[in-house]
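One structure is given here, and the rest of the page talks about it.
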Amino acid sequence: MANTEEQRKSATHQKYEQLIKRAQAQDMIKVAVAHLCDDVSLQGAVEAARLHLVEPILVGPEQRIRDVAGRAKVDIAGLDIVNAHHSHDSAAKAVEVSDDGTMGRVEALMKGSLHTDELMGAVVSRQAGIRTARRISHCFIMDAPNHPDALIITDAAVNIAPTLDDEVDIVQNAIDLAHAMGVAEARVAILSAMETINAKVPSTIEAAALCKMADRITRCR
């Protein structure tokens, strides 16, 4: 009975464990974590370090971070801390250390206990941000029990009303993520309110355009 329960739990988290193992096979990267002022965000960063996934740089009010670590009994000895005054300052300084090289090569940002719009505001700032030519988008990685692979859902958090050009970037970002997850060929489904093209529903026209673009790329290979 015990073995059956353990097998059930293992099967439940199989896709997650596969993702962790794949990440562990890569080199660790430095990650600036913005505003770790609750136990969940701090424990997440420290656990990622324990699993040899990332080398976190803790960005936020230093005393609050140490207080949280003390209450949660989280060991942060040896981790770099960049002091910040408040959540907006944490976001700005996380972006700054990612861009200026003072903490070595920082390759990613991680959100702590601050609002997404605070972090994204610093990321896309025209004065001090780290925006690129491609549109930034958000991806959920979902474990659907009856689906053999993890599913990527995008974009459900950042882009409210994307244009067709934005959608091209959103799809490409998801494909790049799928490749990083070990998927050799990503299969993309464009979701709309209906399954047929209807001029009164712009998303169906955009979906058809995206499919045509993908078809042309495939033919040119």
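- Between I57 and K30 there is a side-chain heavy-atom pair separated by less than 4.5 Å.
- Between R64 atom CZ and D38 atom CG the span is 9.0 Å, to the nearest 0.5 Å.
- A donor-acceptor pair shorter than 3.5 Å cannot be found between the side chains of H52 and Q24.
- Atom CE of M142 and atom NE2 of H147 lie 11.5 Å apart (nearest 0.5 Å).
- With salt bridges taken as basic N to acidic carboxylate O contacts below 4.0 Å, one links D176 and R134.
- Under the 4.0 Å criterion applied to side-chain N and carboxylate O atoms, D89 and K93 are assigned as salt-bridge partners.
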Subject >> Intermediate values then yes/no, side chain to side chain contact (heavy atoms under 4.5 Å, CB included), H13 and E17 >> reply: CA-CA 6 Å; H13 302 292; E17 290 167 358; 4.0 Å; yes
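- R22 places a side-chain N or O within 3.5 Å of a backbone atom of A180 that can act as its donor or acceptor partner.
- Here the CD-NE2 distance, from E118 to H86, works out to 9.5 Å after rounding to the nearest 0.5 Å.
- In this structure a side-chain-to-backbone donor-acceptor pair under 3.5 Å is present from S98 to A94.
- The heavy-atom pair separating L53 from A23 by the smallest distance is CD2-CB, 3.6 Å.
- Counting heavy atoms from C-beta outward, V31 and E55 have side chains that stay 4.5 Å or more apart.
- With rounding to the nearest 0.5 angstrom, the CD atom of E206 is 12.0 Å from the SG atom of C211.
- Inter-residue side-chain proximity for E167 and L210 is flagged as met; some heavy-atom pair is nearer than 4.5 Å.
- A donor and an acceptor atom, one from each side chain of N173 and S137, are located under 3.5 Å apart.
- For M213, the CE atom counts as densely surrounded, since its 6.0 Å shell holds more than 12 non-hydrogen atoms of other residues, nucleotides or ligands.
- Note on I197: it does not cluster hydrophobically with L164, by side-chain heavy-atom contacts below 4.5 Å among ILVMFWY residues.
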**OP:** Determine, stepwise, if the pair I65 / V59 fulfils side chain to side chain contact (heavy atoms under 4.5 Å, CB included).
**Re:** CA-CA 9 Å; I65 292 173; V59 184; over 6 Å; no
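- Cluster membership check: I175 does not share its hydrophobic cluster with I170, using side-chain heavy-atom separations under 4.5 Å among Ile, Leu, Val, Met, Phe, Trp and Tyr.
- Going from atom CG of D169 over to atom OG1 of T132 covers 8.0 Å, rounded to the nearest 0.5 Å.
- A continuous path of ILVMFWY side-chain contacts below 4.5 Å connects M120 to V95, so both sit in one hydrophobic cluster.
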**OP:** Test V54 against V33 for side chain to side chain contact (heavy atoms under 4.5 Å, CB included), laying out the working first.
**Re:** CA-CA 11 Å; V54 302; V33 191; over 6 Å; no
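- In the hydrophobic clustering, I141 connects to L19, I152, L177, M181, either directly or through intervening members, whenever side-chain heavy atoms lie under 4.5 Å apart.
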Original post:
What do the steps show when you test V201 against S192 for side chain to side chain contact (heavy atoms under 4.5 Å, CB included), and what is the final call?
Top reply: CA-CA 9 Å; V201 183; S192 181; 4.0 Å; yes
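- Of all heavy-atom pairs between A32 and V97, the closest is CB-CG2, 3.8 Å.
- When atom types are taken as modelled, the side chain of S87 and the backbone of L114 share no donor-acceptor pair closer than 3.5 angstrom.
- Nearest heavy-atom pair, S203 versus A193, reported as atom, atom and distance to 0.1 Å: OG-N, 4.4 Å.
- Residues L51 and L58 share a hydrophobic cluster, clusters being chains of Ile/Leu/Val/Met/Phe/Trp/Tyr side chains in contact below 4.5 Å.
- Of the possible donor and acceptor atoms, one in the side chain of T154 sits under 3.5 Å from a partner among the backbone N and O of H138.
- No more than 12 heavy-atom neighbours from other residues, nucleotides or ligands sit within 6.0 angstrom of CD on E195.
- A salt bridge links E62 with R66: at least one charged nitrogen is closer than 4.0 Å to a carboxylate oxygen.
- Both M110 and V46 belong to a single network of hydrophobic side chains, linked directly or stepwise wherever heavy atoms of I, L, V, M, F, W or Y lie under 4.5 Å apart.
- H115 NE2: 12 or fewer foreign heavy atoms inside a 6.0 Å radius.
- With D143 contributing its side chain and A150 its backbone, the two residues share no donor-acceptor pair below 3.5 Å.
- In this structure, D155 contributes its side chain and A157 its backbone to a donor-acceptor pair below 3.5 Å.
- When side chains are defined from C-beta on, D149 does not count as touching V183, because their heavy atoms never get closer than 4.5 Å.
- Between the side chain of S113 and the backbone N or O of C37 there is at least one donor-acceptor pair closer than 3.5 Å.
- When all heavy atoms are compared, the tightest approach of G112 to S41 is CA-CB, 3.7 Å.
- By the 4.5 Å heavy-atom criterion applied to side chains, I153 and C139 are not counted as neighbours.
- Between I81 and I76, some side-chain heavy-atom pair lies under the 4.5 Å cut-off.
- Contact of the H35 side chain with the K111 side chain is not registered, since no non-hydrogen atoms from C-beta on lie closer than 4.5 Å.
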